[in-house]
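Each chain gets a letter, A, B and so on, in the order its sequence line appears, and its residues count up from 1. Note that these values count all heavy atoms, side chains included, but never hydrogens, waters or copies made by symmetry.
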2 protein chains.
Amino acid sequence: MPSKQIPDIVVGRLPVYLRALSHLAAEGIQVTSSHELGKRLGISAAQIRKDLSHFGEFGKQGTGYNVGYLRDQLKRILKVDREWPVVLIGVGDLGRALAHYGGFVDRGFRIVALFDNDSNKVGQRIGELEIMSMETLADVVRERSIQVAMIAVPAAHAQKVAEQCMAAGIKAILNYAPITLSLPDGTLVQHIDPVTHLQRMTHYL
Amino acid sequence: MPSKQIPDIVVGRLPVYLRALSHLAAEGIQVTSSHELGKRLGISAAQIRKDLSHFGEFGKQGTGYNVGYLRDQLKRILKVDREWPVVLIGVGDLGRALAHYGGFVDRGFRIVALFDNDSNKVGQRIGELEIMSMETLADVVRERSIQVAMIAVPAAHAQKVAEQCMAAGIKAILNYAPITLSLPDGTLVQHIDPVTHLQRMTHYL
DNA sequence: TAGATTGTTAATCGATTAACAATC
DNA sequence: TAGATTGTTAATCGATTAACAATC
């Protein structure tokens, strides 16, 4: 029986399960078990079963899980059984790399618009997309009902840009600027700062 | 009294505290409190005090914390009161962006060598660095006693490259490939996969 | 001093693990 | 059937919070 309240930490592990299942499927593996999956991911089998049990029953006793089926169920649960349009704000080196990255589309996301506040960049094309002025952000977001933004601007501009996003109707922000954004409680924000990841390891060296 | 066993989850928050303290210092703020810091970071004041108490006593009752002093203590604890040489493997769009990124140096890291298995890229320069052949990885790592690697190669090559890193003597890996690496227990690995971060949010949309 | 804030303890809360009946 | 593995419960483990004496 799926429980009503699902811990964030459980939801946070599902994308990792999904990624592993997609790889298994790509390898042609059709059935797996909580033990096999756990071994691959460095997670206990009990935890995987417990996590999944929040959302339903996906396996068979004695057999395990059908890889394709479980993958599809996780896509549904995470709502990536569709394609989310995403705006990318900040087209420096990192923004360009993200704009070129081909790994978003088959995992549920597509960058559909690029923005930068540098008038020299506005009008340039990257692939099929033209870099647009920040002044047009709100209109684009509203017209296309976009809910997800990636922010790849310098730290000094990130807070302001995040607020512009919220004002435009963006609901989820992936922030690449090395700064903690101050946004209303309940706002969906994820941070990617490579240096904090490196610093998490050096303590142990 | 600092306790002997410090939870990973506590160490994981210290880089975020450090980043905030560095920003406070840059703003010219000299003193802060666990409440102020917690408000900025969306973390409870009690948790910040508890986390810090694992490592010593850094504050003054009635006053709070000296920003510069606490920042320096966190740098020491995280061992980023020095400059770690880092190798970057994989010079595609993302690798190039990382190679150009100026934000590593003043936070404890410097990319000192670039590697790629594409012979067309080997010999090219990016800034002051020349892209080197993967065959020279082990020699460079050993000669310069490098312990940290960033991997920005396609998913299909990441596992093999990670093993080459381990064999060469690398102790900590920051992996940008969208795959969970299988490495010996206790190996220091951090993953950055923007799609998993996005997928953590869409469930709630 | 009076007010504020630390460091720490104890209580609470939540997450992980172990174990096992159910069953494929 | 015999062996294997699920989903779930209860026990354990660990992390967070609340509270407060100490003290700047």
Side-chain angles (χ1 to χ4, degrees), chain A residues 1-17 20-21 24 29-74 77 185 200 203, chain B residues 1-17 20-21 24 29-74 77 185 200 203:
Chain A
M1 172 186 25
S3 71
K4 295 288 171 274
Q5 254 299 51
I6 293 158
D8 287 354
I9 198 165
V10 171
V11 175
R13 280 190 292 261
L14 299 187
V16 178
Y17 300 165
L21 288 161
L24 287 171
I29 294 168
Q30 301 195 358
V31 173
T32 189
S33 67
S34 58
H35 283 90
E36 188 183 32
L37 204 49
K39 198 176 154 197
R40 251 178 120 106
L41 298 177
I43 290 178
S44 80
Q47 179 158 85
I48 290 173
R49 295 201 302 279
K50 189 97 210 289
D51 284 352
L52 295 176
S53 75
H54 286 94
F55 302 94
E57 307 189 357
F58 306 108
K60 271 216 218 29
Q61 282 104 326
T63 308
Y65 302 92
N66 178 291
V67 169
Y69 176 73
L70 183 54
R71 176 200 58 199
D72 291 344
Q73 290 302 306
L74 289 177
I77 293 162
D185 278 8
R200 257 164 221 158
H203 171 74
Chain B
M1 174 185 23
S3 72
K4 295 289 172 271
Q5 255 299 52
I6 293 157
D8 287 354
I9 199 167
V10 171
V11 175
R13 281 190 291 261
L14 299 188
V16 178
Y17 299 166
L21 288 160
L24 286 172
I29 294 168
Q30 302 197 357
V31 173
T32 189
S33 68
S34 57
H35 283 91
E36 188 182 33
L37 204 50
K39 199 176 154 198
R40 252 179 120 107
L41 298 177
I43 291 177
S44 79
Q47 179 159 85
I48 290 173
R49 294 202 303 278
K50 189 97 209 290
D51 285 351
L52 296 176
S53 75
H54 287 94
F55 302 93
E57 307 190 355
F58 306 108
K60 272 216 210 53
Q61 282 104 323
T63 309
Y65 302 92
N66 179 293
V67 169
Y69 176 74
L70 183 55
R71 176 199 60 199
D72 291 344
Q73 291 301 307
L74 288 177
I77 293 163
D185 279 9
R200 256 164 223 159
H203 172 75

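- The CZ atom of B:R49 sits 11.0 Å away from atom CG of B:D51, with the distance rounded to the nearest 0.5 Å.
- How far CG of A:L14 is from CD1 of A:I9: 11.5 Å, rounded to the nearest 0.5 Å.
- Here the P atom of nucleotide C:dG14 and the CD atom of A:Q5 are 10 Å apart, to the nearest Å.
- Going from atom NZ of A:K39 over to atom P of D:dT5 covers 13 Å, rounded to whole Å.
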Run B:R200 and A:V16 through side-chain contact (heavy atoms from CB on, under 4.5 Å) and show every step you take. CA-CA 10 Å; B:R200 256 164 223 159; A:V16 178; 4.2 Å; yes
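- From A:H35, atom NE2 reaches atom OG of A:S44 across 8.5 Å, with rounding to the nearest 0.5 Å.
- Distance, A:L37 CG to D:dT5 P: 13 Å, rounded to whole Å.
- Comparing B:R13 and A:L52 by the nucleotide of DNA chain D whose heavy atom lies nearest to each, the residue mapping closer to the 5' end is A:L52.
- Going from atom OG of A:S34 over to atom CD1 of A:I43 covers 11.5 Å, rounded to the nearest 0.5 Å.
- Separating the CD1 atom in A:I77 from the CD1 atom in A:I6 is a distance of 8.0 Å, to the nearest 0.5 Å.
- In this structure, CD1 of A:I6 is placed 12 Å from P of C:dA15, rounded to the nearest angstrom.
- Base pairing in DNA chain C gives the following stems of 3 or more Watson-Crick or G-U pairs, range against range and under 3.5 Å: C:3-24 with D:3-24.
- Side-chain contact check for B:Y65 versus B:L24: every heavy-atom pair is 4.5 Å or farther apart.
- The closest side-chain heavy-atom distance from A:L52 to A:L70 is below 4.5 Å.
- Close to D:dT5, at under 4.0 Å from its OP1 or OP2, lies no side-chain N or O of A:S34.
- B:D51 places its CG atom 7 Å from the P atom of D:dT16, with the value rounded to the nearest Å.
- Counting to the nearest Å, the C1' atom of D:dT9 and the NE2 atom of A:H54 are 13 Å from each other.
- Between B:F55 and A:H203, the two ring planes are perpendicular [angle over 60°; tilted spans 30° to 60°].
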How would you summarise protein contacts on nucleotides 17-24 of chain D per nucleotide, using B for base, S for sugar-phosphate only and - for none, with heavy-atom distances below 4.0 Å? BBB--BBB
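- The CG atom of A:N66 lies 7.5 Å from the NZ atom of A:K60; values are rounded to the nearest 0.5 Å.
- Contacts of residues 65-74 of chain A with DNA chain D (heavy atom under 4.0 Å): A:Y65.
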Walk me through whether B:Y69 and B:D72 qualify under side-chain contact (heavy atoms from CB on, under 4.5 Å). CA-CA 5 Å; B:Y69 176 74; B:D72 291 344; 5.8 Å; no
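- In this structure, the CD1 atom of B:I48 is 9 Å from the P atom of C:dT6, given to the nearest Å.
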